[in-house]
Each structure stands twice: as C-alpha cells, then as structure tokens.
Amino acid sequence: MNNLGELSLIEHIRSEWGAAGRTSHGLARGVVLGIGDDCAILRPPRGHELLVTTDFTLEGSHFRRDWHPPESVGHRTLARGLSDLAAMGARPWTAFLSLALPAKMLTSRSEQAWVKRFFTGLRRLADRHAVPLVGGDTSESSGGLVLADIVLIGSAPAGRALRRSGGRAGDALYVTGELGGAAAELAYMELRATKSKSKPISPRMPRTLAIPRSWRNRWDPTSKSSAQHPQLFPQPRLAVGLALLRRRLATAAIDLSDGLSTDLAHLCRESGVGAQISSASLPIHPLALQARAAQVNRADTALELALHGGEDYELLFAAPLSARVPRSIAGVRITRIGSLVRGSSISLMDPTGRCSPLQPGGWEHFTHKH
Ligand code: ADP
Ligand code: MG
C-alpha cells in the first residue's frame, strides 16, 4: 500500500533512474523493464550464471544519522552488496533497494532532503560501476529508524565464480588495499561527536578527514579524497575480483566486511584448512597508525584495528604459490600476508617469529566491543 509520501518518493526515484534502468552509461544491458511495474524484467547474458546477494544497512547498527552524512549512507548501502559481488569475481548488473523511512522523511519537505542526498550517494557509486537501480520497495518505518536492504544481481561465466571453499594448504594468502582504515575513521568520527558536545579533546584530526563545505555537490566516489574516507566511502574492489577470475589467479576469495580475523576464519572453515599470517606483513592503513598515535581509540592498537576492525571491504584471497600474483591489480595494492596450512588452526606470527592463535574478533559497530 502506498501513501502520498511514498508515491512522490517513488516518482522521484523513477524520474532519477528511468523506467528501463538508466545509469550515466545509458540503458543497462539486459534490462527489459525497470522501475514502474510490479516486477523488473531482466534478460541474463548467455553462458553466464547469476549471482545474487542481499545486505541490510540499518541505522544504529551500520551507521548513525548524526555521524554519517546521507551521501555516505547511500554509498555504503550499495557498496556492501557490490563488495560481495567483487569477492566472487562477478560483474555487477542490477540493484534493488528496499527502504523503510521514518514517517517524517516521507511527508516533510525538509526531511526529504536527507533521502535525496542518500540517493545522490547511492547514484554516484552506481554510475561508477554502471549498475542501475531497477526496483525496490518503500515503506514507513514505524520505529523511526532508516532501514535499507539492497539486493545486487551480478553475473559470471558459468562455473567460474570465486568461492570461499577453493583454498588448499600451501596456497599463499593476499589482501587488497590497506586494513583498519574504516574502524580508525569511525573512531575519529566518535571523537568529533564527543568533542562538539563536551570539552575539546587534544588529538588533532588528520587533514585528510576534513570534509570541505563544497563536498556535497562535488564529491566524486572515484576521487582521491573519497578514497581517503575508508569508513564513509569504502571502495568495493570489483575490478580486482574480475581480474582474479579472468586470469584464474585465485583459488578462494572473500570480502573483508567483518574484519580480517573473522573473515579469514570463514574462508578457512569453508576450505577445510588453517592459516598462518604474519603481523609484520599486514598493510595497515595510515589512518589506523595515526589514530593509534593520537590515542583516539581507547584500547586498540593499529594492529588490532587492521586485524579486527571491519568494514574495510577489501578482498582476501588465496592463490597457489605457482600463480604470478602482481603487486597491484587495477591500481590497487596487493599484499601477501601469509599462507593456508593443513589442519584448522589460524595463527599470527609476530615480528620475532613467535606464533599465537588468532581469535576471530570482528568489530561490533559503535560499541567498540569485539
Ligand atoms: P508494488 O506495490 O506493486 O510492489 P510499489 O508501489 O511498491 O509497487 O512500487 C512501484 C514501483 O516502484 C515498482 O516497480 C518498484 O520496484 C519501484 N520501487 C518502489 N520503491 C523503490 C525503491 N526504494 N527503489 C527503487 N524502486 C522502487
Ligand atoms: Mg512494493
């Protein structure tokens, strides 16, 4: 059932995205019918399998309206689904969005600005990857929270998608990009929030985290400055995933949404192996190092942020020792961090060569508890 607010919002979405699944790249491949009817109609590419993933983005669990700008919430909503497709080497195709919004956002003009900015963030990332929004659902959220659920459909040549389960003992382990940045930026965001409420706190905010006044309209998800916001604008590694599949480099892959320690455990369990990684080899995000130096976050060291801080949306993958894995793929740094080993135990080697068990310690959003 629709009320007036819902209808006008759907009209807005429809006018922005067009009835046949338009992106800035034009009409999308294989979209026969987009927004406006009871269903979208899609024509899958021949010889390909469809990969489907769905992810919640919930106010209070995954973002805070007082900390994350609306463009960031829209971007992150889509990024979560795109990252799952990247992890399997899939090419993204279409997106569906179910959105529950507080009544005020559906009825009051001023509050609708939040929703429009949410769609700006989602749209810019969608355009970058040529993924049209072709359907969804809109509803009033009785609890007054913003709740979004994204469905992403991608495709991969039949039988070729990268799975968590293909790793073998002896394979080398790699990660893309740098780790711990998203958790570190979140710690700075918390600091900024408490600072404005109570006394000024001493640590200085890194310059890269400042958001210029003009950023709202000019912000571009491909720009260097958005890559400097790993929490607000994580960059799903689609080009890396596609290259890993195309070049047949990886035996197994997963995206790092819950943190390396937790996601590595998932990959190991599915592959029936253990792992050893070395702390000295981890590519720690500069923000995690700075946050630690400034003592922004209470107990976590930069290493702990890299191991357990989630939401980096980098890829973790395994490749046989014989595979020639380059140092960078599609402009993204690739770092070897360890190996898969026989058995089921996962250990972390410190710089002196001593090994200790690595417990999964995924990030709990906003509570900073593991
Ligand atoms: P129905 O009640 O038949 O599901 P709706 O009135 O909910 O239809 O939706 C009308 C059209 O708008 C459908 O094509 C639907 O996919 C699309 N739509 C609704 N909400 C959204 C949204 N949040 N994002 C994208 N498309 C949406
Ligand atoms: Mg509906």
Side-chain angles (χ1 to χ4, degrees), residues 20-21 23 25-34 39-55 78-97 125-126 128-136 149-176 235-257 263 266-273 313-326 329-330 332 334 340:
T23 68
H25 299 254
L27 292 186
R29 285 166 296 136
V31 178
V32 180
L33 185 63
C39 295
I41 306 178
L42 306 177
R43 188 181 301 131
R46 211 169 276 158
H48 282 61
E49 286 167 341
L50 298 186
L51 289 90
V52 185
T53 174
T54 162
D55 287 278
L78 182 62
R80 284 162 69 75
L82 289 177
S83 180
D84 283 328
L85 292 179
M88 303 201 62
R91 185 179 294 283
W93 186 22
T94 51
F96 294 79
L97 176 71
L125 184 64
R128 179 179 181 193
H129 297 289
V131 184
L133 185 64
V134 296
D149 186 32
I150 194 100
V151 175
L152 259 293
I153 302 184
S155 67
R160 296 278 307 281
L162 307 173
R163 302 180 185 201
R164 297 178 177 182
S165 56
R168 297 288 166 261
D171 285 353
L173 273 175
Y174 299 86
V175 291
T176 59
Q235 308 289 317
R237 300 303 188 191
L238 288 151
V240 178
L242 281 168
L244 292 176
L245 183 146
R246 197 173 49 236
R247 301 191 210 167
R248 298 178 193 266
L249 286 173
T251 52
I254 187 170
D255 69 316
L256 297 176
S257 52
D263 293 318
H266 294 321
L267 185 144
C268 285
R269 195 181 52 242
E270 295 303 319
S271 290
V273 294
Y313 297 108
E314 296 294 347
L315 299 183
L316 167 71
F317 64 94
L321 284 178
S322 59
R324 287 217 198 116
V325 177
I329 297 178
V332 179
I334 307 289
L340 295 180

>> Once rounded to the nearest 0.5 Å, what's the spacing between atom CG of Asp55 and atom OG of Ser257?
In response: 8.0 Å

> Measuring from Leu82:CG to Arg128:CZ, what's the distance to the nearest 0.5 Å?
Replying inline: 10.0 Å

> With distance as the sole test, does Trp93 use its side chain to make a donor-acceptor pair with the main-chain N or O of Arg29 at under 3.5 Å?
Replying inline: yes

>> Minimum heavy-atom separation for Ala319 and Val325, please, with both atom names.
In response: CB-CG2, 3.9 Å

> Taking all atoms of both residues into account, what is the closest heavy-atom pair of Arg168 and Val273, and its distance?
Replying inline: C-CG1, 4.1 Å

>> Give me the atom names and distance for the closest heavy-atom approach of Gly81 to Leu152.
In response: C-CG, 3.9 Å

> Do Leu315 and Leu256 touch side chain to side chain, with heavy atoms closer than 4.5 Å?
Replying inline: no

> Which distance, rounded to the nearest 0.5 Å, do you find between the CZ of Arg91 and the CG of Leu242?
Replying inline: 5.0 Å

>> Within the supplied structure, the quantity of interest is the number of heavy atoms (other residues, nucleotides, ligands) at a distance under 6.0 Å from Arg248 CZ; does it exceed 12?
In response: no

> Which atoms form the tightest heavy-atom contact between Ala250 and Leu162, and what is the distance?
Replying inline: O-CD2, 4.0 Å

>> Applying ring pair (Phe, Tyr, Trp, His ring centres under 6.0 Å), can you list everything that pairs with Tyr313, at least two apart in sequence or on another chain?
In response: none

> Roughly how far, to the nearest 0.5 Å, is the CD1 atom of Ile329 from the CD1 atom of Ile334?
Replying inline: 4.0 Å

>> On a heavy-atom basis, which atom in Pro92 and which in Val131 lie closest, and how many Å separate them?
In response: CB-CG2, 3.6 Å

>> For Ser155 versus Leu50, what's the shortest heavy-atom pair and its separation?
In response: CB-CD2, 4.4 Å

> Do Leu78 and Pro236 have side chains that get closer than 4.5 Å, going by heavy atoms?
Replying inline: no

> How many angstroms lie between atom CD1 of Ile254 and atom CG of Leu267, to the nearest 0.5 angstrom?
Replying inline: 6.0 Å

> Quick one: CG on Leu51 to CD1 on Ile153, what's the gap to the nearest 0.5 Å?
Replying inline: 10.0 Å

> Are Phe317 and Leu249 side-chain neighbours, meaning at least one heavy-atom pair lies under 4.5 Å?
Replying inline: no

> Under a 4.5 Å cut-off applied to non-hydrogen side-chain atoms, are Asp255 and Asp263 in contact?
Replying inline: no

> Under 4.5 Å between any side-chain heavy atoms of His129 and Leu238, yes or no?
Replying inline: yes

>> The test is side-chain contact (heavy atoms from CB on, under 4.5 Å); show your working for Leu42 and Val31 and say whether it passes.
In response: CA-CA 5 Å; Leu42 306 177; Val31 178; 4.1 Å; yes

> Distance-only, no hydrogens or angles: does the Thr251 side chain make a donor-acceptor pair with backbone N or O of Ala318 under 3.5 Å?
Replying inline: yes

> Has the side chain of Ser271 got a donor or acceptor atom that lies under 3.5 Å from a matching backbone atom of Arg164?
Replying inline: yes

